[in-house]
Amino acid sequence: MNKKLQCLAVVCLAWLINFSVAVPMAATGKDTLRVLAIGNSFSQDAVEQNLHELGKSVGYTIIIGNMYIGGCPLDRHVRNARNDAPAYVYCKINAEGEKTKTDSVSLARALADEPWDYVSMQQASPLSGIYESYAASLPELKDYVVQRIPKDAVLMLHQTWAYAAHSTHSGFKNYDSDQLRMYSCIVDAVKRASELTGIRKIIPTGTAIQNARTSYIGDHMDRDGYHLDLKIGRYTAACTWLEALTGQNVIGTPYAPKGMNYDDREVAQTAAHAAILRPDGVTDLVDLKQPAQRANYDEARVPVYTLPDALTLQNGEKVSTAELWMQKRRPELLSLFTDEMFGKAPEHPRTMHFKLLSEDKSALGGLATRKEINVYLTKDEQKYFTILMYIPNRRTGAVPLFFGLNFKGNHTISTDPGISYPTPEKQQEFRWHSLPPRGVAAARWPVEMLMEHGYALATIYRGDIDPDFDDGFRNGVHPLSYKNGQRRPADDEWGTIAAWAWAMSCAMDYFQTDTDVDASKVAVFGHSRHGKAALWAGAVDQRFAMVISNCSGCGGAALSRRAFGETVRAVNRQFTHWFCRNFWKYNDKEDLLPFDQHELIALMAPRPVYIASATEDRWADPKGEFLSGVYATPVYHLFGKQGLEINQMPPADTPWQDGCIAYHIRTGVHNITVYDWEQYIKFADKHFKE
Ligand code: GCU
């Protein structure tokens with residue numbers, strides 16, 4: 001390459017970096033974004049649906065206007081501007097998401113309708129790849145717009161998309177009816193138009209659509225050869241706009257139109273995000289060539305895998321003593337699980353304080369004392385959760401405690417009429433449409449049986465800590481940890497499961513102050529998603545003297561590398577808020593995980609841990625849960641303790657409880673039953689009472 005060319009290349013590169021890389025648009029730092037599109041049916045496809053809802057699901061109010069004339073090219077917009085022609089249908093979506101359409105609106109009127117933060121312009125699709133058509137009209141349109149919007153408003157160019165390869169649109173001839181040719185002409189024309197006018201911001205919808213076409217969706221992003229498919233097409237466009245406007249990675253955004261499956265949602269979001277990262281070229285979505293395979297339930301199709309060795313440090317050093325485990329390997333694993341899976345949680349708040357709300361010494365017909373305690377996380381008492389406790393009345397001194405989260409509200413674990421309902425404000429935060437009936441979950445909570453065996457019970461409704469849906473981490477405890485301007489946890493910061501575990505650890509601070517319970521004998525337990533949380537609570541907070549995982553499955557006790565039943569990808573895709581964003585790196589790439597779940601079990605050592613499965617709960621991979629216990633066992637040996645000393649899964653309903661890692665597989669479905677509880681009590685008797 002000669003000097004001149006080299007120079008040119010450098011200039012081009014600088015230009016590319018300057019102009020093509022998406023400039024994060026939430027530069028305004030506003031929560032309410034006002035966006036006006038001056039367009040046609042292509043802007044209608046992009047902004048008139050999904051965009052407002054997408055914004056709302058991550059904390060933005062997006063007020064949207066679209067100035068619509070079917071097929072309107074830039075030169076006609078210019079003429080309309082000159083003549084102040086009331087020629088448009090003005091579609092407006094207000095702060096509440098209500099859509100109105102007004103006929104006969106002029107550009108000047110729409111431009112004056114809101115203090116717009118962003119105004120976009122675009123070319124009609126037949127001309128969208130012809131630079132000269134932009135050069136002829138865009139500068140004048142830009143000047144017209146600029147005079148009528150706030151000084152700090154941002155102008156944008158909407159890069160529209162190429163037609164479907166089979167399109168019969170007459171404009172396709174401009175590109176020899178070749179999709180990729182049309183696409184590259186659009187990219188090039190918009191880029192040059194951006195350079196010409198100084199409108200730096202490009203919304204790369206065309207690239208996003210082209211990216212999505214490389215996935216299993218293929219060339220089916222349209223509905224008629226040129227307009228976008230009503231579901232995935234339009235949604236992909238809106239995702240691109242969202243990320244362009246907010247500067248936030250759209251992948252994992254909870255909103256999707258009704259009926260859209262997880263696979264399609266993933267394609268749309270990934271295509272949009274890739275377009276923002278690389279607006280001028282197609283990104284081949286190599287990981288999305290197939291819709292996620294159906295769950296594998298065939299032992300013969302479990303991939304060949306090698307588990308990381310619990311007793312080898314990352315630097316290859318072997319861990320041969322309990323001291324080395326505690327001093328080196330345990331902290332190493334804990335921080336790997338923290339950074340790559342559950343996410344970092346903050347310290348317990350210094351302002352945390354407890355209040356006894358109610359105490360009834362003759363609950364359950366005199367069998368127990370019932371207490372309700374609020375754990376306030378902030379000084380102003382705005383953030384709190386409520387612990388419900390039962391303590392057996394027949395006791396001498398402090399008693400051991402079973403402690404776990406519940407699914408439907410404290411008042412659902414027993415028909416005891418004395419349990420408080422959550423406040424109306426809390427119910428609203430939980431998005432309860434109706435109050436779950438009192439005692440509806442009582443079958444899972446044999447309170448009397450526990451009392452009779454001399455155990456206290458404590459529970460918290462998990463939604464009281466962090467509601468179990470993805471609202472972009474605005475509700476629940478996450479905002480407590482946000483730094484100035486932060487809107488959601490960073491990629492290595494706590495997801496919902498870590499938040500639940502964190503609150504359980506905060507509750508442990510309370511138990512240490514409660515003289516009714518023996519805080520050195522607290523068994524943290526959980527069923528299913530709460531089993532994942534219990535395991536993480538037990539891993540992080542060694543004050544929990546025993547840990548019980550009931551059907552915790554993927555992300556809990558089950559080995560990820562087996563990919564049997566629920567997989568890392570499936571859990572991340574369906575429950576976008578449970579784990580930290582870093583965990584997404586391992587979707588379909590379990591082999592890259594620097595740990596596996598046997599090491600989560602090992603983090604309990606030398607404390608007793610109980611893993612339980614159910615025969616019909618194949619989604620949770622009973623064998624993978626069992627094997628975690630087996631492979632965690634060498635760590636218990638370092639402490640001179642027995643782990644799970646069997647190599648074959650025991651027959652159903654035949655618990656193995658001889659070591660510090662107990663296991664059973666109960667006949668039946670995904671549930672926690674009295675049978676399971678009987679085993680946990682036996683195990684606790686052995687470790688807490690003998
Ligand atoms: C789903 C989810 C599991 C989870 C379970 C539950 O099935 O895929 O990971 O354990 O819900 O919490 O009931």
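Whatever order the structure lists them in is the order used to number ligands and atoms, beginning at 1. Numbering of residues begins at 1 and proceeds along the displayed sequence.
No side-chain heavy atom of Pro608 sits less than 4.5 Å from a side-chain heavy atom of Lys641.
What sits closest to atom 11 (O) of ligand 1 on the protein, heavy atoms only, is Arg529 NH2, 3.0 Å. With hydrogens left out, the protein atom closest to atom 7 (O) of ligand 1 is Trp619 NE1, 3.2 Å, a heavy atom. In this structure, the protein non-hydrogen atom closest to atom 5 (C) of ligand 1 is Ser528 OG, 3.0 Å.
The part of Lys532 lying near ligand 1 is the side chain, judged by heavy-atom distances below 4.0 Å. The side chain of Glu566, and not its backbone, has at least one atom closer than 4.0 Å to an atom of ligand 1 (non-hydrogen atoms only; side chain from C-beta on). Contacts between His530 and ligand 1 below 4.0 angstrom, taking non-hydrogen atoms only, are absent altogether.
Environment of CD in Glu347: sparse, with no more than 12 heavy atoms of neighbouring residues, nucleotides or ligands closer than 6.0 Å. Annotation: Asn647, atom CG; neighbour count of heavy atoms from other residues, nucleotides and ligands within 6.0 Å does not exceed 12.
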- Task: Begin from the C-alpha positions of Met504 and His530 and carry the test side chain to side chain contact (heavy atoms under 4.5 Å, CB included) through to its verdict.
- Result: CA-CA 11 Å; Met504 285 196 272; His530 301 164; over 6 Å; no
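Pairing each heavy atom of Gly555 with each of Phe579, the nearest pair is CA-CZ, 3.8 Å. Taking every heavy atom of both residues into account, Ala557 and Ile611 meet most closely at CB-CG2, 3.9 Å.
The ligand atoms of ligand 1 that sit less than 4.0 angstrom from a heavy atom of Phe575 are 1 (C), 2 (C), 8 (O).
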